[in-house]
2 protein chains.
Amino acid sequence: MEKLLFDFISKYITLTADEEKALIDLNIFRSFKKGTLLLAEGQKSNNGYFVLKGCIRIYYMIDGEEKTTAFYTEMEGFTPPGVVDKKPSKFYVSCVEDSILTISDPSMEEEIFQKFPKFETMCRVLSEELLVKQQLDFDTFKTSSPEQRYLKLLENRPDLIQRVPQYQLASFLGIKPQSLSRLRARVLEKNKR
Amino acid sequence: MEKLLFDFISKYITLTADEEKALIDLNIFRSFKKGTLLLAEGQKSNNGYFVLKGCIRIYYMIDGEEKTTAFYTEMEGFTPPGVVDKKPSKFYVSCVEDSILTISDPSMEEEIFQKFPKFETMCRVLSEELLVKQQLDFDTFKTSSPEQRYLKLLENRPDLIQRVPQYQLASFLGIKPQSLSRLRARVLEKNKR
DNA sequence: TCCCTTTCTTAACTTAAGTGAACGATTATC
DNA sequence: GATAATCGTTCACTTAAGTTAAGAAAGGGA
């Protein structure tokens, strides 16, 4: 399992055996069953998540309805606002599938940044990359219709459509489950003709 | 003008006189007239922008229509993907008003990170903060109707509605200018009753 | 100041998403 | 294996956004 993480890191920096050991000694690998709630609304948490295997999902509970806003799968990571602003979480984080994650907290980061400054460089580069990627995703979302969003998702993350329930995909696309169902029927009809 | 920047930086790190001088010596302050195009579609650019005064805007040209996806005002910054991926820009960056910006490039950053490591810490913290903020904005966008988005904008960035043309706000809210106009009339009507 | 361009509003019509409800189908539970 | 709960689809209806077009208002330049 560690290998997955080290392979990922090696795209950004080169680790010595010492550094790999320091990382392992942090003891950050965790396994979870499908459906496990990692964070609930109202909780304060300082944990950052990184998915080695499986899929986690962010959702809000609004007017009694789940609104899913994000999925994170293999080699994707997520840091909730709590780490920055110390306020109780507004959303839930749960496992869509059985998953293996690394779970980190700010004090661990502090420690490792002290010992190995290149980790901080990696984290800066990583979050700058993520920031850019997310900006582009947001732009695409704003400039597309629900149907276009669905078609793009089909292109860019076809796996998600397989592994995630429709009603979760719907709010991820910014619409209601019934609309997604109708929209899919419409798209299928068009392709038939 | 420098003071604005130093005040902003002081929220994250404390600068010595030496460090302030090093920053000034980079000679990154620039003034632009309203309407100036800072970056056009197809151009390759490595510049990062930080707004000291004024307002810049990101827009795409899709089917002959401008689609505005972001505004950056005082003490907000923006780094285009080009810095990360070296591909030609997919969007335009232009000045909504007369503006004063700092314009940086990666080699300058490299240099300053070398000399003063705490700048890198600041940049990491900053981009982690921005990432979180943007995630929340994206979540809010996905879980809101156009009308709710407009009302929230009215609350959170009332200045924008004053300083920016409606047709630019419309795509920022994910709708057409005509729909924004109608939506506003609807909201006004509700408040009257 | 006048003219031209750009921006905003209104309206009628079309299209698609929201809503509420019903019905299978699939999954989980006992 | 029967029963209940969850999930996906469909339908009829409502509401709001997209589209096309026209005209009013505002802004900028000569």
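By convention in this document, chain letters (A, B, ...) are assigned in the order of the sequence lines, proteins followed by strands, and residues within each chain are numbered from 1. Excluded from the calculations below are hydrogen atoms, water molecules and symmetry mates; all remaining heavy atoms, backbone and side chain alike, are included.
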Using atom types as modelled, flag every donor-acceptor pair under 3.5 Å from a side chain in residues 28-35 of chain B to any protein atom, sequence neighbours excluded.
{"residue": "B:Arg30", "atom": "NH1", "partner": "B:Asn27", "partner atom": "O", "Å": "3.2"}

Contact check, residues 148-163 of chain B vs DNA chain D, heavy-atom distance under 4.0 Å, returns none
Which parts of nucleotides 13-22 of chain D does protein reach within less than 4.0 Å, heavy atoms only, written one letter per nucleotide 5' to 3' as B for base, S for sugar-phosphate only and - for none? ---SBBBB--
Kindly give the atom pairs (protein nitrogen or oxygen, nucleotide nitrogen or oxygen) under 3.5 Å for nucleotides 3-8 of chain C.
{"residue": "C:dT7", "atom": "OP1", "partner": "B:Tyr167", "partner atom": "OH", "Å": "3.0"}
{"residue": "C:dC8", "atom": "OP1", "partner": "B:Gln166", "partner atom": "N", "Å": "2.6"}
{"residue": "C:dC8", "atom": "OP2", "partner": "B:Gln166", "partner atom": "N", "Å": "3.2"}
{"residue": "C:dC8", "atom": "OP2", "partner": "B:Tyr167", "partner atom": "N", "Å": "2.9"}

Closest non-hydrogen contact found for A:Asp105 with A:Ser107 is OD1-OG, 2.6 Å
To 10°, what angle do the rotation axes through the five end pairs on each side of the helix from C:dT1-D:dA30 to C:dC30-D:dG1 form? 50°
Taking the side chain as every heavy atom from C-beta outward, state whether A:Arg124 and B:Val125 have any atom pair closer than 4.5 Å. no
Could you pull out the protein-nucleic contacts involving nucleotides 23-30 of chain C (nitrogen or oxygen on both sides, under 3.5 Å)?
none

Between CG of A:Leu180 and C1' of D:dC7 the distance, given in whole Å, is 12 Å
Near B:Lys53 NZ, under 6.0 Å, is it more than 12 heavy atoms from other residues, nucleotides or ligands? no
Which residues pass the side-chain contact (heavy atoms from CB on, under 4.5 Å) test with B:Ser104, sequence neighbours left out? B:Met108, B:Glu109
Quick one: list whatever passes side-chain contact (heavy atoms from CB on, under 4.5 Å) with B:Leu39, sequence neighbours left out. B:Gln43, B:Ser45, B:Tyr49, B:Pro80, B:Ser89, B:Phe91, B:Val93
Taking only residues two or more places apart in sequence, or in another chain, which ones meet A:Glu19 in a side-chain contact (heavy atoms from CB on, under 4.5 Å)? A:Leu15, A:Thr16, A:Phe116, A:Lys118
For the student: nearest non-hydrogen atoms of A:Val51 and A:Thr73, plus distance: CB-O, 3.4 Å
My understanding is that only residues two or more places apart in sequence, or in another chain, count here; which of them pass side-chain contact (heavy atoms from CB on, under 4.5 Å) with B:Lys133? B:Asp137
Does the plane of the ring in B:Phe8 sit parallel, tilted or perpendicular to the ring in B:Phe50? Use 30° and 60° as the thresholds. tilted
Look at the side-chain heavy atoms of Ile, Leu, Val, Met, Phe, Trp and Tyr, link any pair under 4.5 Å apart, and say whether B:Tyr12 and B:Phe6 land in one connected group. yes
Quick test of your reading: applying salt bridge (charged side-chain N to carboxylate O under 4.0 Å, His left out), list the pairs with at least one residue in residues 156-171 of chain B, sequence neighbours left out, ordered by first then second residue. B:Glu74-B:Arg163, B:Glu76-B:Arg157, B:Glu97-B:Arg163, B:Asp159-B:Arg163
Is there a chain of hydrophobic side chains (I, L, V, M, F, W, Y, each step under 4.5 Å between heavy atoms) that links A:Tyr60 to A:Tyr72? yes
Tell me which donor-acceptor pairs under 3.5 Å the side chains of residues 164-171 of chain A have, and how far apart each pair is, sequence neighbours excluded?
{"residue": "A:Gln166", "atom": "OE1", "partner": "A:Arg184", "partner atom": "NH1", "Å": "3.4"}
{"residue": "A:Gln168", "atom": "OE1", "partner": "A:Arg57", "partner atom": "NE", "Å": "3.4"}
{"residue": "A:Ser171", "atom": "OG", "partner": "A:Thr68", "partner atom": "N", "Å": "2.8"}

More than 12 heavy atoms from other groups under 6.0 Å of NZ on A:Lys90: no
